[in-house]
Amino acid sequence: MNPKRGRSVKLNDGHFMPVLGLGTAASEGVPKSKATEAIKVAIDVGFRHIDAAYLYENEEEVGKAIREKVADGTVKREDIFYTTKLWSTFFRPELVQQALERSLKKLQLDYVDLFLIHLPMAMKPGEELLPKDASGKVILETVDLCDTWEALEKCKDAGLTKSIGVSNFNRKLLEMILNKPGLKYKPVCNQVECHPYLNQSKLLEFCKSKDIVLVAYSALGTQRDPKWVDKDSPVVLEDPTLNAIAKKHNRSAGQVALRYQVQRGVVVLAKSFNEKRIKENFQVFDFELTPEDMKAIDGLNKNYRYFKLAFAADHPYYPFSEEY
Ligand code: NAP
Ligand code: WDT
C-alpha cells in the first residue's frame, strides 16, 4: 500500500486530503515574511496540507513558499493540498467566483484544492474585512447560504477548486445544504474548533454519518490572541492529564493533542511558525495512544469554545446557540 494513503482520507467527491495540515493564520504584528519561511520548513519536514484564507491576509507569502518548493523540486503542485476560504463579505453569489480568483491571483496558482465558506454569517460587501457602522458594530447581512453554495459548486465545475466545503457550520446548517433541492455536490468537510476541551463528539458522529470530514482548528488550544480569546480561558497544552499521557509516551502535549484527533478520524490542523515545533508536530505518525489514553482525553471535554463570535450572536445563521 502507498504509505501516503495512510496519511490521507478519501473525500466524498473522490479527492484525497492529508490528515495533518499546517495552519497559516498569524496574530497581528507577526511579519508577513514569517509565513513564507514557516511553510517552506513545513513542506521540507513532510506537511502536504496547508490551511489558509483570504481573511489571513498572507496568501501572497503562502503562495510564494509553495511555488518556491515546487520550483526547487521538493514537491509537485499536485502533491500539495491547499485550502482557502470565502470571506463573509463575498457571500452574495455574484461575488463568489471573483473572490476565489482574487485568492488565486495572490497565490499565483491556477487552482486550489479546497474552497470553504469561512463562516455562516455574511457581512456587507466591500474592501473592508470587518465592515463597521458608526458605533463600531460589524455590519452583518443575510445571504441565503444555499445560493452561496451553488456559486461554490460553479467554482468546482470551472476547475478553480477541486473540492468545496464549509467551516463553522452546526448540524442544522449542514442539513440545510444537504437538503437543498438540486444539490450537485455535498460539502466534503466542515472545519470547526476542536480540541480536548471541545471535542465535538456529537458533530463528529453526525459528519461521519454523512461522509463529511470534520477538520479540527485550534487543535492545540488556539494562539490565545487577545483579539478573540479570553485571557482567563483554560490552556489545553497545560492540562495535567494530557501532559501525563505525553510523558508516558515520551512525547509533547501538543503531539498527543494532534494524535488524538488523527486516531478518532478527524483531520487536524496545527499552526506553528517555529521550526522546532513544526518538526515536532509532524512526528505524530510513529506512536499510538492506547484505548485508555483516548478515553482519558475524551473525558477532558468541557464544551469550552475559544472562538465565540459573540458579535454575530443575533444573526439568523449564528451557529453556536445550539448544542452542536
Ligand atoms: P493552534 O493550531 O491551536 O495553536 C497554535 C499555537 O500553539 C501557536 O501559538 C503556536 O505557536 C503554538 N504551538 C504550535 N505547536 C506547538 C507545540 N508542539 N507545542 C506548544 N505550542 C505549540 O492555532 P490556531 O491558529 O487557532 O488554529 C490552527 C489553524 O486553524 C489556523 O492557523 C487557521 O489556519 C485555522 N483556523 C480556522 C478557523 C476558522 O474559522 N475556520 C479559526 C481558527 C483557526 P508557534 O507558532 O510559536 O509555534
Ligand atoms: C469563530 C469566531 C469563527 C480567527 C471567530 C470565526 C478568527 C476566523 C481565525 C479565523 C471567527 C476568525 N483564525 O484562523 O485565526 O472569523 O473571526 O479563521 S473569525
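For ligands, and for the atoms within them, numbers begin at 1 and follow the listed sequence.
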Atoms of ligand 1, numbered as shown, that sit under 4.0 Å from any heavy atom of His118: 39 (C), 40 (O), 41 (N)
Reference residue Asn190; test side chain to side chain contact (heavy atoms under 4.5 Å, CB included); the match among Leu116, Asn168, Leu174, Asn170: Leu174
Exceeds 12 heavy-atom contacts within 6.0 angstrom, atom CD of Glu94: yes
Winner among Asn168, Leu119, Leu220 once heavy atoms are compared against atom 7 (O) of ligand 1: Leu220
Atom 24 (P) of ligand 1 - nearest protein heavy atom and its distance: Ser218 OG, 3.9 Å
Atoms of ligand 1, numbered as shown, that sit under 4.0 Å from any heavy atom of Thr24: 32 (O), 34 (O)
N or O pair under 3.5 Å between Ser252 and ligand 1: no
Derivation and outcome, side chain to side chain donor-acceptor pair (under 3.5 Å), residues Ser218 and Glu193: CA-CA 6 Å; Ser218 301; Glu193 181 178 333; 5.4 Å; no
Every residue of the protein that comes under 4.0 Å of ligand 2, judged on heavy atoms: Ala25, Leu55, Tyr56, Trp87, His118, Leu119, Asn168, Tyr217, Trp228, Phe307, Leu309
Proximity of Gln223 to ligand 1 by residue part, where a heavy atom lies under 4.0 Å: both
Ligand 1 N/O within reach of Glu280 N/O, cut-off under 3.5 Å: yes
Ring-face cation of Arg77 near Tyr111 (centre distance under 6.0 Å, axis angle within 45°): yes
Shared hydrophobic cluster for Val45 and Val284 (ILVMFWY, side-chain gaps under 4.5 Å): yes
For atom 6 (C) of ligand 1, the protein heavy atom that lies nearest, with its residue and separation: Thr222 O, 3.8 Å
Shortest protein contact, atom 39 (C) of ligand 1 (heavy atom only): Tyr217 CE2, 3.3 Å
N/O donor-acceptor pair under 3.5 Å between Gln255 side chain and Ala246 backbone: no
Proximal atoms of ligand 1 relative to Asn281 (non-hydrogen, under 4.0 Å): 14 (C), 15 (N), 17 (C), 18 (N)
Contacting atoms of ligand 1, where contact means under 4.0 angstrom from a heavy atom of Asn274: 48 (O)
Protein heavy-atom partner closest to atom 47 (O) of ligand 1 - residue, atom, separation in Å: Arg277 NH2, 2.8 Å
Enumerated ligand 1 atoms positioned under 4.0 Å from heavy atoms of Ala219: 3 (O)
Ligand 1 contact by Tyr306, heavy-atom criterion under 4.0 angstrom: no
For Asp51, the ligand 1 atoms whose distance to one of its heavy atoms is below 4.0 Å: 33 (C), 34 (O), 35 (C)
Closest protein heavy atom (residue, atom, distance) for atom 29 (C) of ligand 1: Gly23 CA, 3.7 Å
Nearest heavy atoms of Ile117 and Phe91, plus distance in Å: CG2-CZ, 3.5 Å
Polar side chain donor-acceptor pair, Lys85 to Tyr56, under 3.5 angstrom: yes
Ligand 1 contact on Lys271 by region, counting heavy-atom pairs under 4.0 Å: both
Per-atom contacts of ligand 1 with Leu269, taking only distances under 4.0 Å to non-hydrogen atoms: 30 (O)
Residue part near ligand 1, for Ile278, under 4.0 Å between non-hydrogen atoms: neither
Common cluster, Val229/Val30, ILVMFWY with side-chain heavy-atom separation under 4.5 Å: no
Contact partition for Leu237 relative to ligand 1, non-hydrogen atoms under 4.0 Å: side chain
Sub-4.5 Å side-chain heavy-atom contact between Leu173 and Pro319: yes
With Phe81 via ring-ring contact (aromatic ring centres under 6.0 Å, His included) - residues at least two apart: His49
Under the side chain to side chain contact (heavy atoms under 4.5 Å, CB included) test, residues paired with Glu323 that sit two or more places apart: Lys202
Min side-chain heavy-atom separation Leu160-Lys154 under 4.5 Å: no
Exam field: side chain Asp293 to backbone Thr290, donor-acceptor pair closer than 3.5 Å: yes
Parallel, tilted or perpendicular: ring planes of Tyr54 versus Phe90, cut at 30 and 60 degrees: perpendicular
Side chain to side chain donor-acceptor pair (under 3.5 Å) partners of Arg67, counting only residues at least two apart: none
Closest candidate by heavy atom, reference atom 31 (C) of ligand 1, pool Gly21, Ala270, Ala25: Ala25
For Gln191, the ligand 1 atoms whose distance to one of its heavy atoms is below 4.0 Å: 35 (C), 36 (N), 37 (C), 38 (C), 39 (C), 41 (N)
Cluster check Ile139, Met123: I/L/V/M/F/W/Y, side chain < 4.5 angstrom: no
